[in-house]
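Below is one structure, written out as C-alpha cells; the observations come after it.
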Amino acid sequence: MIHHPIIKVALPVPLPQLFDYLQTEDGSFTPVGSRVLVPFGRRKLVGLVMRHAMTSKLPPKRLLRIVQPLDQSEPLLDHGLLELLEWCWKYYKHAPGKVVLSALPPALRKAGGTLPAPPVHYFLTQAGRERLEQPAGRQKTQYRMLETLAAGAKTAESLFGIGSQWRKTLTLLIDQSQVEQRPASIDPPVFAPGPKLTDGQQKAVDKISRDLRHFHCHLLDGITGSGKTEVYMRLMEEVLARDRQVLVLVPEIGLTPQLLRRFKQRLGLEPAVIHSGLSPGQRLEAWAAARAGRAQLIVGTRSALFTPMPKAGLIILDEEHDASFKQQDGFRYSARDVAIKRAADLNIPVVLGSATPSLESLNNALAGKYAWHRLRERATSASLPSWRVLDLCQQSTFHGLSATALDAMREAIEREEQVMVFLNRRGYAPVLMCQQCGWYGSCDRCDARLTWHRSIGILWCHHCGSQRKVPKLCPDCQADELVGAGEGTQQLEEALEQHFPGIPVLRFDRDRTRGKGVMAMQLEQVMKGETCLLVGTQMLAKGHHFPKVTLVVIVNVDQALYSADYRALERMGQMLQQVAGRAGRMEKPGTVILQTLHPEHPALELLLTRGYEAYARWLLEERHMAGLPPSGYQALLRAEAHARSDVEKFLREAIDLFPQGEARAHGPMPAIMERMGGRSRMYLMLLSTSRSSLHRQIDQWLLSLRALPSSRKTRWAIDIDPQEI
Ligand code: ADP
Ligand code: ZN
Ligand code: ZN
C-alpha cells in the first residue's frame, strides 16, 4: 500500500477549501469518510477526511498533525455520499466543510459523539433452559428474566423493569452463559392489502414499476385526493420486498403523524424519522439505523436527503413544489434538485409528487426529460370542490369576512359539517395605527410593519423577531385612538367565536401550535368529526386529510396578484389549489369561497376556470418570454451590511469584475424587503441560457470577489437557483 502522508480534511469553517494535516504521531489509519479531531488556530475542531494525498501546497513546517481519529473502525460516509457532497459545494459555491458537516447528525459533529451500538436481542441458552428446570430458589429476579426470555428473543427494552437492577441481572446471566446476545435480526415487512387501484393509479404504478431498477425521474402529477400516497406505497412495497431502502422527503409541515401512521399500517414497519425537531439522540439513532441498512424506510424533511443508505432503492419527494425544499440561508441547496442528482448517481428512480408541480418540474415533463404521470380524478367517490369568487368591493364585511361567506359558514354548521377559514397572516392585525394622525407601528430594523399580537400585548416583527410593548397612546400625537387595521388569524378566531357562539374554533398557526402537543390535540379533535371551525395559515393547507370539511373560505390572496416577486403567482396558484384540496375529501361535496378585491384579474380567472395545469403553462410562457427560470438559469450575488453604501459599493465593484461570457450580471437591486434586521440587503442577478457558462463565469468571478477589499465590509453569498429575492 502506498503511504499518503497528507490528509485533506473538511472543517466547519466558512472558507472555500479543504485543510491539509499530517497523520497522527502513531500513524493511526484515518480512512476517507471518517472523522478526525484537528488543531485549528487556537481551537480543536471535528472534521471529516475527504482525501489522502502525497503532497501539500503548505510548507512542511506549517503542517500540523491530526490530534485524534474519532471513527477508528469505519468511515461514517461512503464514497458515493462524499462525491455528492463535493458536487454540492461546487455547484452551490458554499464552504466545503459547512456542506460536508451538515450531512452528519448534530451529535456526530462533536468530538464526544459516537455511533450507537447496533441493537441486540437476548436469547436463552441451553444452560439457561436447564436452569429453568430447577426451582427458582432465592434468585427470583434472575428466574423471572429467564422465564421471560423462554418465550422468545427479546430486546433490552422489553426486559426493562424486571427487578430494579435488571441491567445487572442481565449481565450476570450473560456471564453465567445462561443468556446470549446476538445482533437483532431485521424482520421483513408484512404488507397489509390496499384498495383496488383506480385506472390512473394502476397505469402510473405499472409504468414506474417497469423502471424501478435504474435512474429515471418521474413526475406524479395528481390532484389532491387522487391517491398519490397510495401510488408511493405500491412502489415502496416492490422496493422493500427486494430488501432495498426507500427515502421519502416531505416538506417541513408535511411530516404529519397521519402520514407516518399510514406507512406503518400498510407497510408493516416502523419508519426511521429524521427532522430537525428531534432530540440529537433520536436523530442519531435513526441516522445510524439507516446507515447500517437496518432502517428500511426513512422519512424526513430536507436535511434527511444526505442520510447514508447502503441499500438505496427509491427516493420519493412529496409536494415537490414546496418552497421548504430549498434552504434559504447558509448552504442554500435545493433538496429536490440534489435528490435527483443523488438518484442519478445511485442509478435508482426518483418520484416527485405534487398536485401543483413547480414550473421547473412541469417544464422538464413537457420536454420529455421526466416521465409524466397524471392523475386527474379523485380516488374516492368524492367530487371536486366548486369555486365561488366573491367581489369584496360589493360586500359588507365583519372582520374581513363577507356576509356571503358568513352565511355559507352558518349553513355548513347547521348541516353539522366543518369549515376551514384560511388566512396567511398570523397575529391579531397586520398593523396597529393611530386614527388621529396616521402613525403606525413599524420595525426599526426592517422595512416592515409590526404585527399586533393583542392577547400578549406585543407588536412583533415577523421578519427579524424584534418585539415591543403595545403603546397605550399614539407615540406621535398622544391620542387614545390606536386601532388595528386588517386581519390576522387571532382576530378571525375571536370574530368567529363571537359570531358563532358555542361552536368550537380551532386555530392553527405558528403561535398557537408552538406548545408541545397542541397540534396533535387539535387535529385529534377535528378528526373526531364534531362540528367546528378551523382557522389557520398555510400550515392548514398541507397534507392533512379532514373528511368533514366541506367549506373552505380563503379570506384574501390579493397581495400575490401584484407582487414584485416573479414567483408570487406560481405560489399563489399552488396555495389556492392546496387549500381547496382540503374541501370535500369524503362523500360530501365541497365548496371553496375566495374573497378578493380583484375578481377580474386574468390570473385568477384562468386558474379558476381552466385549472392549475393550464395556469402553470401560461406562467411558463411568461417566464420563457422574460428569459426567467426555468427558461434560463439564474443565480444571485446577495450582499448585506449595516450601511447601504457599503453594500452598493461592493456590488458595483463586483459587477465590473463579472467575467465576459454568455451569462450576464444585472443590478445592483434592492431586495424586496430591503432593510431587514437592521441591515441593508441588495443583490446582483446573474442570468444565462447556459448552465455551464453561468457556473464557469461565477467560479472565475469568485476568485476576484474574495480579493476585493469592499467584500470584507459586507456579508455576501452566492445563491444558485434562488427561490426568493
Ligand atoms: P393524495 O396523496 O393524492 O392526496 P391519498 O393517497 O391521500 O391522495 O388518497 C386520498 C384518499 O383516497 C385516502 O383516504 C386514500 O385512502 C383513498 N384512496 C387512495 N387510493 C384509493 C383507491 N384506489 N380506492 C379507494 N380509496 C383510495
Ligand atoms: Zn397619532
Ligand atoms: Zn424587523
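Along the sequence shown, residues carry numbers from 1. Both ligands and their constituent atoms are indexed starting at 1 by order of listing. Predicted model only: the values in this text are computed from it and were never measured.
The heavy atom nearest to atom 2 (O) of ligand 1, out of those in L375, D318, T229, is found in T229. Taking only non-hydrogen atoms, the option from R262, K196, R234, E230 nearest to atom 15 (C) of ligand 1 is R262. Of the listed options A379, P547, S226, G353, A379 places a heavy atom closest to atom 18 (N) of ligand 1.
Checked options L314, D211, I316; the residue passing with P349 is L314 (criterion: side chain to side chain contact (heavy atoms under 4.5 Å, CB included)).
Residue T224 has no N or O atom closer than 3.5 Å to an N or O atom of ligand 1. Polar contact check, P195 against ligand 1: no nitrogen or oxygen pair lies under 3.5 Å apart.
Protein N/O/S atoms closer than 2.8 Å to the Zn ion (ligand 2): C434 SG, C437 SG, C474 SG, C477 SG. Among protein atoms, those of element N, O or S found less than 2.8 Å away from the Zn ion (ligand 3) are C443 SG, C446 SG, C461 SG, C464 SG.
Checking side-chain atoms of R266 against main-chain N and O of A192 turns up a donor-acceptor pair under 3.5 Å. A donor-acceptor pair under 3.5 Å is formed between the side chain of R376 and the backbone N or O of D221.
Taking the six-membered ring where tryptophan is involved, the planes of W460 and H453 are tilted, since the angle between them lies from 30° to 60°.
Residue contacts with ligand 1 for I223 involve N, CA, C or O but no side-chain atom from C-beta outward (heavy atoms, distance under 4.0 Å). In R266, neither the side chain nor the backbone holds a heavy atom less than 4.0 Å from any atom of ligand 1.
Scored by the ring pair (Phe, Tyr, Trp, His ring centres under 6.0 Å) test, H216 finds H218 as partners (sequence neighbours excluded).
A295 approaches Q245 most closely through the heavy-atom pair O-NE2, 2.8 Å. Taking each heavy atom of Q525 and E530 in turn, the nearest pair found is NE2-OE2, 4.0 Å. Taking both residues in full, the closest heavy atoms of T537 and R425 are given as CG2-N, 4.0 Å, listed atom of the first, atom of the second, then distance. Here the closest heavy-atom approach between residue R302 and residue K326 is recorded as NH1-O, 3.7 Å. Nearest heavy atom pair, residue C532 against residue L506, reads SG-CD1, 4.2 Å.
Ligand 1 is approached by G225 to a heavy-atom distance shorter than 4.0 Å. Contact analysis leaves R378 out of contact with ligand 1, as no non-hydrogen atom separation drops below 4.0 angstrom.
Counting only N and O atoms by type, the side chains of S358 and E320 include a donor and acceptor under 3.5 Å apart.
Identified under the salt bridge (Lys or Arg N to Asp or Glu O under 4.0 Å) test for residues 435-464, with sequence neighbours left out: D444-R468, R454-E494.
Within 6.0 Å of CD in E524 there are 12 or fewer heavy atoms belonging to other residues, nucleotides or ligands. In this structure, F191 places its CZ atom where more than 12 heavy-atom neighbours from other residues, nucleotides or ligands lie under 6.0 Å away.
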